[in-house]
Amino acid sequence: MKLKGLSKYLYVYKTQIIRCFTYKFEVYGNILMQSIIMITSAFFWRALYRTGNPVAGVDVEGMLTYIIISAMMSVLLITNVERRIENSVQKGTIAMDMMKPLNIFGIYLVEDLGSITALVFQNLLPIFLVGSLLVKVPTICSTEHIPLFAISMLMSFFINWLIAALFGMWSFTAVNVDALIQVKKHLIRLLSGSIIPMWFFPDWFRNILEALPFVYIYQLPLDIYIGKSSGDELAGMMMIQFVWLIILLIAFAYVARRATKKVLVQGG
Amino acid sequence: MNKKMIEVKNLCKDYHIVKKEEGLKGAVKGLFKSEKKTIEAVRHLDFTVDKGEIVGFIGPNGAGKSTTIKMMSGILTPSSGEILINGVDITKHRKEVVQNIGVVFGQRTQLNWDLRLGESFELLRHIYQIDRNEYEETLDVMDEILDIRKIIDKPVRQMSLGQRVKGDLVAAMLHSPDVLFLDEPTIGLDVSSKYALRKFIKEINKVKQTTVILTTHDLGDIEELCERLIIINHGKMMEDGNLVDIVDRIAPYKTLVVQYYDHENIPVHHSCEMIKTEGNMAWYRFMKADITAAALISELSEKKKILDVSIEEAGIDDIIRIAYGQ
Ligand SMILES: Nc1ncnc2c1ncn2[C@@H]1O[C@H](COP(=O)(O)OP(=O)(O)OP(=O)(O)O)[C@@H](O)[C@H]1O
Ligand SMILES: [Mg+2]
């Protein structure tokens with residue numbers, strides 16, 4: 001019964017992959033942008049590390065790995081759920097999602113997973129190649145960190161997706177959430193350690209960042225990857241990441257329940 | 001005894017329109033307070049539809065037809081009241097109940113613009129867990145009337161309106177639901193597409209005993225398909241009953257059209273009303289209870305020489321005009 005229910009979503013996922021491959025969405029812009037960020041920040045960090053001394057225990061090689069993995073992670077953290085909800089609410093097509101024997105957020109999640117699967121080939125691999133050829137091959141610090149990285153990355157995906165879904169549900173109360181979606185995007189870029197790791201910030205600012213969910217999206221999995229964090233410190237951070245996941249899950253469940261009852265269908 | 005397929009009890013829907021403000025400031029403000037205005041779109045509707053009925057659900061623009069259809073198909077949550085589909089409350093068990101419902105909105109599509117029609121069908125086949133053999137059989141039946149296999153490899157974005165509506169109709173029937181809701185399915189279609197659509201609806205109703213609720217502004221649809229009418233206005237029930245009974249009750253008259261030899265001194269008659277003259281033609285509206293057509297013709301022919309006569313029954317357009325006018 002349960003499994004049969006899942007197979008419905010599996011097919012939605014499959015169809016989304018087909019859509020992404022047959023109907024070419026704009027994918028090259030992101031490769032270009034991520035490559036530029038990778039290469040320019042590689043110049044920047046090499047210049048900064050000219051003296052050869054590690055900063056906060058991270059040497060230049062670690063830093064270069066950090067930026068390449070960060071660029072690759074950004075592909076896995078692309079979400080469309082916020083725009084999908086906004087669009088469906090504005091155009092009234094949410095009716096078409098509501099009349100199916102599926103959970104609408106389940107649909108949006110597997111659609112995002114389908115798009116990301118397609119992007120692994122269209123976007124993540126090219127970025128990996130550009131990074132490996134022009135900067136360095138981003139090897140993980142130790143094989144023991146592979147499962148830890150995978151777990152942390154999985155949690156980071158859901159934290160990121162839930163935040164996006166929550167922002168998307170904002171469109172039930174506000175006309176135009178475009179501006180908000182943009183703000184969210186830049187907040188995550190700047191405050192998550194995706195471009196500048198937080199260990200370059202003063203302590204007081206780092207303390208604030210550690211209390212927000214954003215660093216658990218990029219910084220923590222990256223720290224695990226390059227071996228910046230390990231042992232008790234790492235366990236503690238992953239606990240906080242898990243707590244954020246639970247908090248966001250509860251917030252999402254609450255808002256989603258209220259929002260689906262309030263669905264309005266424009267037009268018709 | 002007939003099986004109750006749809007039960008609507010004391011159904012109401014209010015729209016709370018929130019005055020939304022533009023931009024970031026508006027979005028943040030909207031979280032905390034908002035100016036609200038209430039529109040009472042549906043007011044205390046009560047009706048029951050039996051298995052195998054085709055019901056015309058009509059009313060003027062803004063009457064609340066689409067709102068009611070959306071509630072009955074699980075898209076909107078009622079403000080109050082209850083909707084049972086085959087005995088199960090759709091508001092409480094949406095996912096289970098919609099498995100037994102098909103919906104077509106003439107003005108939108110549930111097909112995926114980026115996919116070929118067949119790919120959209122295949123997606124639906126998985127979502128509704130339809131067995132492949134059953135799916136092929138259903139498709140064969142529908143192909144006979146709608147020629148659907150001809151367009152099955154066409155991307156939906158390249159389809160004409162008529163083709164798309166046919167696709168949507170098939171999509172709504174793939175899982176053989178017991179109930180089919182159609183909201184203005186024939187809007188914008190040409191004569192032959194309308195004909196095919198009506199034939200299809202009649203056929204599935206006959207063969208599969210599908211219960212159909214149909215909103216339309218096309219009188220032809222009603223004449224061809226519906227034995228029963230539900231008329232609403234301003235969200236309230238105006239009429240619910242047999243089409244013929246409603247006509248007899250609201251518009252219990254006929255119109256006698258008389259063509260005289262010439263246009264001079266066209267006579268009137270005390271037991272009927274002359275509603276129009278045009279050259280040598282005159283239209284007399286008479287109550288069936290007041291006078292028979294035969295008597296009227298013979299009395300008029302005594303006053304002036306008649307060339308030809310014909311009798312028009314009161315039609316749906318008359319009742320609609322009267323009912324909407326109230
Ligand atoms: N999303 C919405 N938000 C606010 N008010 C709405 C919304 N949808 C419909 N209404 C209002 O509810 C009332 C009923 O609308 P509805 O669409 O049900 O009418 P209808 O009978 O389908 O009309 P039509 O024949 O024009 O399709 C109208 O006054 C309409 O303005
Ligand atoms: Mg309507």
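Below, chains carry the letters A, B, ... as their sequence lines are ordered, and counting in each starts from 1.
For B:Leu124, the part lying under 4.5 angstrom from a heavy atom of chain A is the side chain only. Contacts between B:Arg116 and chain A at a heavy-atom distance below 4.5 Å are absent for every atom of the residue. A:Lys14 does not touch chain B: none of its heavy atoms, backbone or side chain, sits under 4.5 Å away. For chain A, the nearby part of B:Thr109 is the backbone; its heavy atoms alone come within less than 4.5 Å. Looking at B:Gln110, the atoms closer than 4.5 Å to chain A (heavy atoms on both sides) sit in the backbone and in the side chain alike. For a residue to count as touching a neighbouring chain, one of its non-hydrogen atoms must lie under 4.5 Å from one of that chain's; by this rule B:Glu96 does not touch chain A.
In this structure, CZ in B:Arg125 is found 7.0 Å from OH in A:Tyr11, a value given to the nearest 0.5 Å. For the atom pair CG (B:Asp114) and CD1 (A:Ile18), the distance works out to 12.0 Å, reported to the nearest 0.5 Å. The CD1 atom of B:Ile75 sits 6.5 Å away from the CE atom of A:Met96 when rounded to the nearest 0.5 Å.
Around the CZ atom of A:Phe121, the shell of radius 6.0 Å holds no more than 12 heavy atoms that belong to other residues, nucleotides or ligands. Atom NZ of B:Lys51 is surrounded by more than 12 heavy atoms from other residues, nucleotides or ligands within 6.0 Å. Within a 6.0 Å radius of CZ in B:Arg149, more than 12 heavy atoms belonging to other residues, nucleotides or ligands are found.
Comparing B:Lys65, B:Glu119, B:Glu122 by how many heavy-atom pairs each has under 4.5 Å with chain A, the most go to B:Glu122. Interface check for chain A: of the options B:Thr67, B:Asn112, B:Val97, B:Thr91, the most heavy-atom pairs under 4.5 Å are formed by B:Asn112.
Taking every heavy atom of both residues into account, A:Pro101 and B:Lys95 meet most closely at CB-O, 3.4 Å. Considering all non-hydrogen atoms of both residues, B:Ile127 and A:Leu102 come closest at CD1-CD1, 3.8 Å. Pairing each heavy atom of A:Lys100 with each of B:Arg94, the nearest pair is O-NH1, 3.0 Å. Considering every non-hydrogen atom in both A:Arg19 and B:Leu115, the closest pair reads CG-CD2, 3.5 Å. Across every non-hydrogen atom of B:Leu123 and A:Val12, the tightest pair is CD1-CA, 3.8 Å. Contact detail for B:Phe105 and A:Met99: the closest heavy-atom pair is CE1-SD, 4.3 Å.
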